[in-house]
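Report on one structure; see the data block that follows.
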Amino acid sequence: MPAPARKRRHALSAGLVTLATAAAVSLGAAAPASAADTWTETGSDRADPLTESQGLTSVEVPANSPNRYTGIGTIPVGVSSRGWNHVGDPDASYNGYYIEPYQRDSGNSKMYRVQAPGGAWSEYVHTLAPGEAMNNSWSAISPDGQWMLSGEWGTMNRLLVFPTPGINPATSPSADLKLASNVTLDHPVRDVQGCDFSGPTTLLCSSDDPEGTLFGMTKPLLQIDLSAAPNGTSNVSGHVTALRQLPLRSSCSGSFEAEGIDYDRRSGILRVIVVSPGFCVITDSKTYKFTRS
């Protein structure tokens, strides 16, 4: 996703537009063995290629809310008509704010679309900092609600930290959403499609890495342990561990795409979307479920 050559306007989105219109490895600094969790697959649901192929999040407020998903079919016409034609993996705060990350094909900005607990929508635009990639794959809200992590495409040694739009009082739809700090990773990651907090200083992330050279496996589930909770005033470090390869099963052969991720603290269930290759994107793309064991 960083440079035009790696921009995440991948074949899946292009193909879906046509369809819609037609019909545990750990690298880097040593960490205690207990620091890495084991996640066991427990089931799956079909992921709709138009509306459930990019991301997902569980919603706690209001009570009994359904899980929410993103895909090319969930982008409002009024948003896509202004060039925001890709939506990534969303997140929801524990007090009911819902945030979707958007990008477009050109320009020098990203956008976060926020729905408040009362239902009103607002948009927060971030002008790229020097050296920042334009891609906007995911958002992850810190447990205290004040900080939002986001990521870039390609091989990266950092995650981005912003004040959470709509929640942090330093943000306003009428002002540029400024980059506050970074999470400096002790090992590079590649093509991260989603992250979610599973604790105050622990992230679980889905990587679409097609090469497998960083961790000895393609499409890994990653755990990132932060040195401290993000506070927006200084960088924190992150220790990266590859926990397992995500499931790659389909009736079709070819390249899978690992997509968004969600951890539901109420049930302890982790869910990750994996999109199937070729025609099977329609028939057997899945949202896989995992539990800690």
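- Donor-acceptor pairing under 3.5 Å is lacking for the side chains of Thr171 and Asn168.
- Among the candidates Asn235, Leu149, Leu159, the single residue satisfying the side chain to side chain contact (heavy atoms under 4.5 Å, CB included) test with Asn182 is Asn235.
- With Ser227 contributing its side chain and Val236 its backbone, the two residues share no donor-acceptor pair below 3.5 Å.
- The cationic group of Arg113 does not satisfy the cation-pi geometry with Tyr124, failing either the under 6.0 Å distance to the six-membered ring centre or the 45° limit from the ring axis.
- A salt bridge is defined here as a Lys NZ or Arg NE, NH1 or NH2 lying under 4.0 Å from an Asp or Glu carboxylate O, and Glu132 with Lys110 meets this definition.
- The backbone N or O of Val281 lies less than 3.5 Å from a partner atom in the side chain of Ser285, making a donor-acceptor pair.
- For the pair Arg46 and Glu52, the salt-bridge criterion is not met [side-chain N within less than 4.0 Å of a carboxylate O].
- Using a cutoff of 4.0 Å between basic side-chain nitrogens and carboxylate oxygens, Arg190 and Glu211 are scored as salt-bridged.
- Under a cutoff of 6.0 Å and an axis angle of 45°, Arg82 and Tyr102 do not form a cation-pi pair.
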* Could you walk me through whether Asp144 and Ser142 pass side-chain hydrogen bond (donor to acceptor under 3.5 Å, both in side chains), step by step? => CA-CA 5 Å; Asp144 66 4; Ser142 62; 2.6 Å; yes

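- A salt bridge does not link Lys286 with Glu41: none of the charged nitrogens is closer than 4.0 Å to a carboxylate oxygen.
- Counting heavy-atom neighbours within 6.0 Å of Tyr94 OH, excluding the residue itself, gives a total above 12.
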* Apply the test salt bridge (charged side-chain N to carboxylate O under 4.0 Å, His left out) to residues Glu100 and Arg68: give CA-CA distance (whole Å), side-chain angles for both, the deciding distance (0.1 Å), then the verdict. => CA-CA 11 Å; Glu100 294 177 341; Arg68 299 184 70 163; 5.1 Å; no

